[in-house]
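When a residue number appears, it is its place in the shown sequence, counting from 1. Being a predicted model, the structure only gives us computed values, none of them experimental.
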Amino acid sequence: MLIVMHHSATDAQIDAVEKAVRDMGLQAVPIPGSMRTAIGVLGNQGYVDDSAIRELPGVRETIHVSKPYKLVSRDFHPESTVVDVKGVKFGDGCTPVIIAGPCSIESEAQMLAAAREVKAAGARILRGGAFKPRTGPHSFQGLGVDGLRLLRLAGAAAGLPVITEVMRIEQLDAVCRHADILQIGARNMQNFDLLKEVGKLRVPVLLKRGMSATIEEFLAAAEYIVAEGNTDVILCERGIRTFERATRNTLDLSVVPLIREMSHLPIIVDPSHATGKRTLVAPMSKAALVAGAHGVMVEVHPDPDRALCDGAQSLDGKAFAKLMDELRGLLTYLGY
Ligand code: PEP
Ligand code: MN
């Protein structure tokens, strides 16, 4: 439930409402805003009888929120969240961030070359997977902790913050030692124990949409992280499973403006996993920025045809540099 106070409500009236909420055995979360003062009510399992609250001085209205998420919704938090990763900012009013790098960390030479190429082209964060969620057990599973070291090494050499996927709670210590953003992959979007654990950390999280997740489930997954206290969550649309087989997934681009309406969290797009085809990465990156994405994450490999994972959707350094040139023109047009 959301309690909206009158503009003229005094601090004492707000305190009294918060106390009344706590007396009902519920949590009261003040929601400061330039447009209104509101108090979020958390901890209720079902409908809250708000008759006593509505009568309190200073209360304008109460709004029942029946969605499985509250903290990540605009109703509860009208101002947009900006997530700051070592000075690289994601969110409204910030220049969209391009994240780039290989699907998987394969070797020191590959990572150093990838980092050099993406940095020279203008990417602001380096990606690379050390723990890989592969569909089959016979595929390359990633270099694990050795890979994390190579990612950090390459990021440091290029002067870029790094992002990598964490699949299990037991990997969190090692990943936190080496990464600036924790990536929760599509397959783990509803790994609720993992979500709760990363929620207890103070490290930015990139949460990818599950391949069959509805927007409500996506936001409810983000709610798990924010409910534990970690508000630095970036959402990522990476395509959903549909009947269409010509592309690896179907890029659901309308979630970008929709999530910007529904939630205050930043949202980026991954056109590589969304399409599975390198020729589609540039047009869909542009479409994502036009739709209002706060960033794009692109797979880039120094030699895509020899990549151990996802080569078909990876750009080489030259194609990525060309894309970045085009994106710069587009961003200027969009007013950045
Ligand atoms: C990835 O980004 O490396 C990845 C595995 O993506 P997803 O979880 O979206 O499939
Ligand atoms: Mn990949």
Side-chain angles (χ1 to χ4, degrees), residues 96 98-106 110 114 117-118 121 123 125-142 163-165 167 183-190 206-215 217-218 234-256 259 267-291 293 295-324 326-327:
I98 312 301
I99 304 174
C103 178
S104 305
I105 300 154
E106 300 169 6
Q110 172 243 15
E117 286 171 351
V118 304
I125 295 183
L126 176 66
R127 66 153 285 152
F131 299 105
K132 293 304 303 176
R134 301 305 301 278
T135 300
H138 306 302
S139 304
F140 177 58
Q141 302 286 308
I163 176 170
T164 197
E165 177 163 354
M167 296 204 298
Q183 178 172 322
I184 306 277
R187 291 155 191 81
N188 269 316
M189 189 204 81
Q190 286 188 314
L206 180 81
L207 179 66
K208 298 189 87 175
R209 182 182 182 184
M211 55 191 80
S212 304
T214 63
I215 293 171
E217 288 163 341
F218 190 17
I234 304 161
L235 303 169
C236 179
E237 161 62 32
R238 45 76 73 204
I240 49 173
R241 182 68 66 92
T242 68
F243 56 83
E244 182 54 65
R245 301 316 316 143
T247 47
R248 181 174 178 181
N249 291 290
T250 297
L251 178 54
D252 185 7
L253 212 44
S254 59
V255 304
V256 173
I259 284 203
I267 172 143
I268 71 165
V269 167
D270 171 350
S272 307
H273 292 89
T275 63
K277 253 174 98 82
R278 68 173 74 115
T279 53
L280 303 184
V281 169
M284 292 300 104
S285 298
K286 295 171 199 166
L289 294 183
V290 171
V296 171
M297 182 161 78
V298 178
E299 286 190 336
V300 178
H301 192 286
D303 188 357
D305 292 335
R306 288 201 178 72
L308 297 183
C309 184
D310 287 351
Q313 66 193 36
S314 299
L315 303 184
D316 62 15
K318 203 166 148 229
F320 180 64
K322 178 167 180 283
L323 168 61
M324 288 299 287
E326 293 167 0
L327 293 186

Legend entry - Side-chain donor or acceptor of Gln141 paired with backbone N/O of Ser139 under 3.5 Å: yes
Inset, instruction - Would you confirm whether Asp316, through its side chain, and Pro304, through its main-chain N or O, come within 3.5 Å as a donor-acceptor pair? - result: no
Inset, instruction - State whether a side-chain donor-acceptor pair under 3.5 Å links Thr250 with Asp252. - result: no
Legend entry - Residue pair Met211, Met189: steps toward the side-chain contact (heavy atoms from CB on, under 4.5 Å) verdict: CA-CA 9 Å; Met211 55 191 80; Met189 189 204 81; over 6 Å; no
Legend entry - Nearest heavy-atom neighbours spanning Gln313 and Arg248: OE1-NH1, 2.7 Å
Inset, instruction - Could you tell me the separation between the CD1 atom of Ile267 and the CG atom of Leu235, rounded to the nearest 0.5 Å? - result: 5.5 Å
Inset, instruction - Can you see which heavy atom on Pro271 is nearest to which on Val296, and at what distance? - result: CD-CG1, 3.6 Å
Inset, instruction - Taking Arg209 for its side chain and Ala213 for its backbone only, find out whether a donor-acceptor pair lies under 3.5 Å. - result: yes
Legend entry - Separation between OG1 of Thr279 and CE of Met284, rounded to the nearest 0.5 Å: 10.0 Å
Legend entry - Atom pair CD1 (Ile163) and CD1 (Ile99), whose distance is rounded to the nearest 0.5 Å: 5.0 Å
Legend entry - Any donor-acceptor pair under 3.5 Å from Arg278 side chain to Ser314 backbone: yes
Legend entry - Minimum heavy-atom distance Pro302-Gln110, with the two atoms named: CG-O, 3.6 Å
Legend entry - Where Val256 and Ala291 come nearest, the two heavy atoms and their spacing: CG1-O, 3.5 Å
Legend entry - Considering all heavy atoms, the nearest Leu308-Arg134 contact: O-NH1, 3.7 Å
Legend entry - Lys/Arg-Asp/Glu bridge criterion (N-O < 4.0 Å) met for Lys132, Asp310: no
Inset, instruction - Compare all side-chain heavy atoms of Phe218 with those of Ile259 and state whether any distance is below 4.5 angstrom. - result: yes
Legend entry - Separation of Asn249 CG from Thr242 OG1 (nearest 0.5 Å): 8.0 Å
Legend entry - Side-chain donor/acceptor of Arg127 to backbone N/O of Cys103, under 3.5 Å: yes
Inset, instruction - Of all the heavy-atom pairs spanning Gly128 and Thr164, show the shortest one and how long it is. - result: O-OG1, 2.6 Å
Inset, instruction - Taking the side chain as every heavy atom from C-beta outward, state whether Glu237 and Leu251 have any pair of such atoms under 4.5 Å apart. - result: yes
Legend entry - Interatomic distance, Met167 atom CE to Gln183 atom CD [nearest 0.5 angstrom]: 11.5 Å
Legend entry - side chain to side chain contact (heavy atoms under 4.5 Å, CB included) partner of Lys208, chosen from Ile184, Ile234, Asp270: Asp270
Inset, instruction - Side-chain contact test, heavy atoms from C-beta onward, threshold under 4.5 Å: evaluate it for Leu206 versus Met297 and give yes or no. - result: yes
Inset, instruction - Please lay out, stage by stage, how Asp303 and His301 fare under the test side-chain contact (heavy atoms from CB on, under 4.5 Å). - result: CA-CA 5 Å; Asp303 188 357; His301 192 286; 4.1 Å; yes
Inset, instruction - With the side chain counted from C-beta on, respond yes when Val298 and Ser285 share a heavy-atom pair under 4.5 Å apart, and no when they do not. - result: yes
